[in-house]
2 protein chains.
Amino acid sequence: MARLSSDERRARLVQAALRVIDRDGVQGATTRAIVAEAGMSLASFHYAFRSRDEMISELIAFVVENEQQVSLAAVRPGTDIRTAVRAGLQAFFELLVSNPTREQALFELMHYSLRTPELSELPRAQYASYFRVARVLLDSGAATAGVTWSLPIDELARILIAFTDGLTLAWLADRDDAAAAVVMDFAADTISALAVPIRTKEHQR
Amino acid sequence: MARLSSDERRARLVQAALRVIDRDGVQGATTRAIVAEAGMSLASFHYAFRSRDEMISELIAFVVENEQQVSLAAVRPGTDIRTAVRAGLQAFFELLVSNPTREQALFELMHYSLRTPELSELPRAQYASYFRVARVLLDSGAATAGVTWSLPIDELARILIAFTDGLTLAWLADRDDAAAAVVMDFAADTISALAVPIRTKEHQR
DNA sequence: AAGCGACTGGGACGATTGACCCAGTTCGAG
DNA sequence: CTCGAACTGGGTCAATCGTCCCAGTCGCTT
């Protein structure tokens, strides 16, 4: 293993841990499994991190920080708001189908954090990040569709995340694509029903 | 420990395991912790169950079987459908607030099952049970309110469960009661909007 | 009363875990 | 070139895990 800066080594361990958690779950992410994935020795782990929990903490912080830039590309300009919302949900769903264990790992990390006193505040940040992403998507979607929301954006964001969470859990359990589509249609219908057209100058008489 | 029938012993161990999982999570439910909670010796465990996974399997089956009778009492006759749906959600939410670790444990059991090949089919049954409960509640609620649903009851049940799951996860993360109320209001509004009044004889002209 | 099978207590097992330690090696600054 | 700090390999530790075993006890049947 080449010589690395402290930050770089920590980052590589976090990346390796993410891959292990993806594959074997949080419980499978032992220190030995992580260093094997990273191609390091066990000593390197405890040189970089004081403890396993410290690494998990940094891992969750990384995940929270980096998941906001995931699916912003799904917003297409010029579409009506119902289509835009539905497309956004579809993009998320396809991400889920293509990588189910990843979404599952995020849930597992949340539950692990809730059970670990030193990490118990992290889920709050995790969901704050989710809500932030949802707000951005809803905002940009509304802007390109020329509408505004009749509900505060914070409340709408939480509703959207509730849909994606509920959708994800049920699909992870029974892998019913058609049923998932029904939920997404319902979500798109009900959320877009809260959009009101902007009365621009050219629309006024 | 008094002499017990095989079924009785298994049942007591499952009950003890449920309490331990409630308190310490699935990972904390070791064979030793379970028998300590049940007041038995370690030998009794492996006399009753071939392995820990066999016990977990029976535990999940028990949970799935017994959770359907939880909140049927929330259906009050004579109320309109929007009020009935909102009250049902409120009843669930209060159950969640009064016993957060229990709901968390159910999620953890699901994720544990998904990661364990021999148990990987159980989440499907778990959600099938959720959907069944939701169907019964929606049916009886519609009956007392004198409406029918304009969507197939299966689809509606899945939507309702998506709401409760999404609601639960976000609340477990940030414990925001007011935000949860917003989601419940939205769910009650949008679901009750799918109810159509039954055209009874006395309403016909 | 005797005997058999159900059941238990206590100990032990091998494996795995997070953490630690220390003697070495390597690299960059001076 | 030298020296000190960054870093690594390999071994070890105590704790904990699921599982197993066996001698003994209990209660029911005959």
Side-chain angles (χ1 to χ4, degrees), chain A residues 1-21 23-60 108-109 111-113 115-120 122, chain B residues 1-21 23-60 108-109 111-113 115-119:
Chain A
M1 205 63 212
R3 223 138 176 109
L4 303 172
S5 77
S6 182
D7 287 350
E8 173 67 15
R9 230 173 334 102
R10 288 165 75 98
R12 290 207 190 181
L13 281 169
V14 165
Q15 292 298 324
L18 269 175
R19 290 195 297 273
V20 174
I21 290 178
R23 194 173 56 235
D24 304 318
V26 173
Q27 50 181 326
T30 65
T31 53
R32 283 167 177 80
I34 293 167
V35 297
E37 175 75 27
M40 300 185 192
S41 78
L42 200 47
S44 304
F45 185 96
H46 280 95
Y47 189 85
F49 294 102
R50 208 186 324 274
S51 70
R52 180 175 170 274
D53 273 353
E54 185 182 302
M55 197 275 301
I56 295 279
S57 178
E58 189 156 312
L59 182 147
I60 293 177
E108 288 174 356
L109 279 171
H111 292 302
Y112 177 82
S113 300
R115 293 284 185 192
T116 309
E118 306 86 45
L119 309 178
S120 64
L122 286 178
Chain B
M1 203 67 211
R3 226 146 175 99
L4 304 172
S5 77
S6 181
D7 286 351
E8 172 67 14
R9 232 172 333 100
R10 289 165 75 98
R12 290 205 190 184
L13 281 169
V14 166
Q15 292 298 323
L18 269 176
R19 290 194 296 275
V20 174
I21 291 177
R23 198 172 53 233
D24 305 319
V26 173
Q27 49 182 324
T30 66
T31 53
R32 284 166 178 82
I34 293 167
V35 297
E37 176 75 26
M40 299 184 192
S41 78
L42 200 48
S44 305
F45 186 95
H46 279 96
Y47 189 86
F49 295 102
R50 207 184 324 273
S51 71
R52 179 175 171 274
D53 273 352
E54 185 183 301
M55 198 276 301
I56 294 278
S57 177
E58 190 156 311
L59 182 148
I60 293 178
E108 287 174 358
L109 280 171
H111 292 302
Y112 178 81
S113 301
R115 293 283 186 193
T116 310
E118 304 86 45
L119 308 179

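Quick note on labels: first sequence line is chain A, next is B, and so on, each numbered from 1. Small disclaimer: the values here were computed from a predicted structure and weren't measured.
You'll find the side chain of B/I21 reaches within 4.5 Å of the side chain of B/L59, heavy atoms only. A/F49 has its side chain within reach of A/V14: a pair of non-hydrogen atoms, C-beta onward, lies under 4.5 Å apart.
Summarising the geometry, the separation between CD1 on B/I34 and C1' on D/dT19 is reported as 14 Å, rounded to the nearest angstrom. Distance A/R9 CZ to D/dA6 C1': 8 Å, rounded to the nearest Å. Distance, B/R52 CZ to D/dT16 C1': 13 Å, rounded to whole Å. Between the CD atom of B/Q27 and the C1' atom of D/dG18 there is a distance of 16 Å, given to the nearest Å. One can place CD of B/E118 at 15 Å from P of D/dG18, the figure rounded to the nearest angstrom. A straight line from CG of A/D53 to C1' of C/dT17 spans 13 Å, rounded to a whole angstrom. Straight-line distance from the CG atom of A/D24 to the P atom of C/dT17: 11 Å, rounded to whole Å. Counting to the nearest Å, the C1' atom of C/dT17 and the CZ atom of A/F45 are 12 Å from each other.
Taking 4.0 angstrom as the limit, A/S51 places none of its side-chain polar atoms (N or O) nearer than this to OP1 or OP2 of C/dG18. For B/S41, a side-chain nitrogen or oxygen approaches OP1 or OP2 of C/dG9 to under 4.0 Å. At C/dC20, none of the side-chain N or O atoms of A/H46 fall inside 4.0 Å of OP1 or OP2 (strictly under the cut-off).
Among residues two or more places apart in sequence or in another chain, the salt bridge (charged side-chain N to carboxylate O under 4.0 Å, His left out) test is passed with A/R115 by B/E108. Not counting sequence neighbours, the partners of B/D53 by the side chain to side chain donor-acceptor pair (under 3.5 Å) test are B/Y112. Residues satisfying the side chain to side chain donor-acceptor pair (under 3.5 Å) criterion with A/E58, sequence neighbours excluded, are A/R10.
Once rounded to the nearest 0.5 Å, the distance linking NE2 of B/H46 with OG of B/S41 reads 11.5 Å.
Between A/G28 and A/R50, the residue anchored closer to the 5' end of DNA chain C is A/G28, taking for each the nucleotide with the nearest heavy atom. Residue whose closest nucleotide on DNA chain D sits further toward the 5' end, between A/Y47 and A/A43: A/Y47.
With distances taken from any side-chain atom of B/S44 to the nucleotides C/dT8, D/dG9, D/dG18, the minimum falls on C/dT8.
Nucleic acid contact for B/T31: base, since at least one base atom lies under 4.0 Å from a heavy atom of the residue.
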Show each protein N/O and nucleotides 12-15 of chain C N/O combination with a separation under 3.5 Å, one pair to a line.
{"unit_1": "C/dA12", "atom_1": "N6", "unit_2": "B/R32", "atom_2": "NH2", "d": "3.3"}

Return a table of donor-acceptor pairs under 3.5 angstrom between the side chains of residues 27-38 of chain A and protein atoms on other chains or two or more places apart.
{"unit_1": "A/T30", "atom_1": "OG1", "unit_2": "A/A33", "atom_2": "N", "d": "3.1"}
{"unit_1": "A/E37", "atom_1": "OE1", "unit_2": "A/R23", "atom_2": "NH1", "d": "3.2"}
{"unit_1": "A/E37", "atom_1": "OE1", "unit_2": "A/R23", "atom_2": "NH2", "d": "3.3"}
{"unit_1": "A/E37", "atom_1": "OE2", "unit_2": "A/R19", "atom_2": "NE", "d": "2.6"}

